[in-house]
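A short write-up of the structure that comes next.
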Amino acid sequence: MTVLSDGTITPLLLMKQVNNEILPSLGFDSGGHKISEGAARRWLAKLGYELKEVKKGIYVDGHEREDVVAYCKEFLTDFGGNNRLRRKYTDDGLNPEEPQLGPGEQLHIPIMHDKTIVRANELCHRVYVCDGKMPLRKKGQGCAIHVSDFIVEQTGRLALSEDQIHKNAALPAKDQLKSTDAHEIIYPGKNNDGFWTNDKLVEQLRGQAKGMLHMLEERAWCRFCRRQMAVRWWGSVGPVDSHTKHKNSSAVRHRLQQMGEKS
């Protein structure tokens with residue numbers, strides 16, 4: 001283990017080394033028995049190794065800040081106020097049950113925004129270290145792929161089904177959706193596609209998601225949610241009603257209002 005770099009030893013690696021190299025080289029007859037990964041993990045602890053998260057500096061978690069907690073409570077109260085207008089799903093089979101709507105009420109559909117970044121140099125966040133020696137790693141994590149997408153509770157990812165794709169293809173060219181899937185993939189970086197911004201999120205909403213919802217639900221309130229922000233708009237036609245409590249989302253709110261004026 002002395003020839004290994006800091007942070008590269010693992011219980012699995014030690015188990016393989018002991019079973020395949022160390023014991024045979026010593027001529028030890030184990031009778032076909034081998035050490036398990038759990039045993040190797042205990043050996044590492046005896047040797048002074050600890051499983052720790054790789055850190056380069058100080059990380060401060062702000063999820064418990066008073067203003068953040070207060071905003072979360074306000075958001076949950078507001079979001080839960082229209083539960084009766086949303087579909088519910090049975091325990092057996094998860095079959096959708098339509099809400100009982102009164103005069104002037106419309107179906108509400110929550111749509112969650114999600115994103116992920118995959119990097120070329122993805123590394124383990126937790127490693128076994130001895131005497132607190134953290135591994136030295138590259139500053140950058142290599143080329144990345146950023147995926148932004150929307151999740152609908154009834155169908156999963158926001159995308160047209162095969163039948164809807166055929167219906168879309170049968171429409172006049174001017175009425176066809178250019179994309180049948182709401183996801184957006186970019187390659188971040190100043191020399192590639194730039195970086196993901198509020199403006200790009202709005203363009204994704206306007207270009208892919210909004211048109212798809214017109215085909216999925218003819219008349220419904222669709223509520224888009226992402227971290228520290230919620231956006232609502234009418235599922236078919238009408239003005240945009242957007243709201244946000246996060247100061248960094250003012251650009252999104254302004255752009256969505258512009259979209260409502262043009263719809």
Side-chain angles (χ1 to χ4, degrees), residues 1-66 68-69 72 91 94 112-153 156-159 181-197 200-201 225-228:
M1 291 191 294
T2 58
V3 299
L4 295 176
S5 303
D6 294 331
T8 56
I9 185 65
T10 66
L12 180 61
L13 183 61
L14 177 59
M15 180 194 73
K16 291 181 177 180
Q17 186 70 13
V18 170
N19 290 331
N20 301 332
E21 301 291 340
I22 297 178
L23 294 181
S25 68
L26 296 174
F28 182 77
D29 184 9
S30 62
H33 297 291
K34 298 182 179 182
I35 72 166
S36 65
E37 189 174 354
R41 188 177 294 108
R42 291 190 291 274
W43 285 14
L44 286 176
K46 291 287 187 181
L47 293 171
Y49 283 85
E50 295 179 282
L51 183 61
K52 290 188 174 182
E53 186 174 352
V54 179
K55 296 181 179 179
K56 291 185 178 180
I58 298 175
Y59 171 73
V60 179
D61 187 349
H63 287 85
E64 300 301 324
R65 276 180 13 203
E66 290 185 4
V68 176
V69 173
C72 289
D91 294 333
L94 295 178
M112 306 300 173
H113 174 254
D114 197 8
K115 60 179 180 176
T116 187
I117 297 179
V118 181
R119 300 183 183 276
N121 297 333
E122 287 284 7
L123 299 171
C124 293
H125 296 293
R126 302 177 71 198
V127 297
Y128 282 90
V129 297
C130 189
D131 298 328
K133 295 180 181 179
M134 289 292 174
L136 295 176
R137 293 178 170 177
K138 296 179 181 180
K139 287 186 176 180
Q141 297 186 42
C143 297
I145 301 176
H146 179 282
V147 183
S148 174
D149 207 347
F150 298 98
I151 309 299
V152 184
E153 60 181 4
R157 294 179 54 249
L158 182 55
D181 195 311
H183 77 270
E184 182 78 19
I185 298 176
I186 68 168
Y187 298 88
K190 62 181 181 180
N191 296 324
N192 294 312
D193 297 329
F195 297 94
W196 190 253
T197 63
K200 289 185 177 180
L201 173 60
C225 300
R226 72 179 182 100
R227 286 196 194 108
Q228 297 185 348

Closest heavy-atom contact between Tyr187 and Asn192? O-CB, 2.9 Å
Determine whether Ile117 and Ile145 make a side-chain contact, defined as any pair of heavy atoms from C-beta on separated by less than 4.5 Å. no
Listed by chain and number, what are the salt bridge (charged side-chain N to carboxylate O under 4.0 Å, His left out) partners of Asp193, not counting sequence neighbours? none
Do Ile151 and Leu158 have side chains that approach each other closer than 4.5 Å (heavy atoms only, starting at C-beta)? no
To the nearest 0.5 Å, tell me how far Arg41 CZ sits from Leu12 CG. 9.5 Å
Pairwise distance NZ(Lys16) to OG1(Thr10) - rounded to 0.5 angstrom: 8.0 Å
Surrounding NZ of Lys200 (heavy atoms of other residues, nucleotides or ligands, distance under 6.0 Å), is the total greater than 12? yes
Interatomic spacing from OG in Ser148 to NE2 in His113 - rounded to 0.5 Å: 2.5 Å
Heavy atoms of Leu14 and Ala40 approach each other most closely as CD2-O, 3.6 Å
Asp149 and its side-chain hydrogen bond (donor to acceptor under 3.5 Å, both in side chains) partner, picked from Lys115, His183, Arg157: Arg157
Report yes if the side chains of Thr116 and Val147 come closer than 4.5 Å at any heavy-atom pair, otherwise no. yes
Give the ring-plane orientation class for His146 versus Trp196, where under 30° counts as parallel, over 60° as perpendicular and anything between as tilted. parallel
Begin from the C-alpha positions of Trp43 and Ile35 and carry the test side chain to side chain contact (heavy atoms under 4.5 Å, CB included) through to its verdict. CA-CA 10 Å; Trp43 285 14; Ile35 72 166; 4.0 Å; yes
Nearest-0.5 Å distance that lies between atom CE in Met112 and atom CG in Asp114: 10.5 Å
Reported CD-to-CG distance for the pair Glu37 and Asn19, which is rounded to 0.5 angstrom: 11.0 Å
To the nearest 0.5 Å, how far apart are CG in Asp181 and CZ in Phe150? 11.0 Å
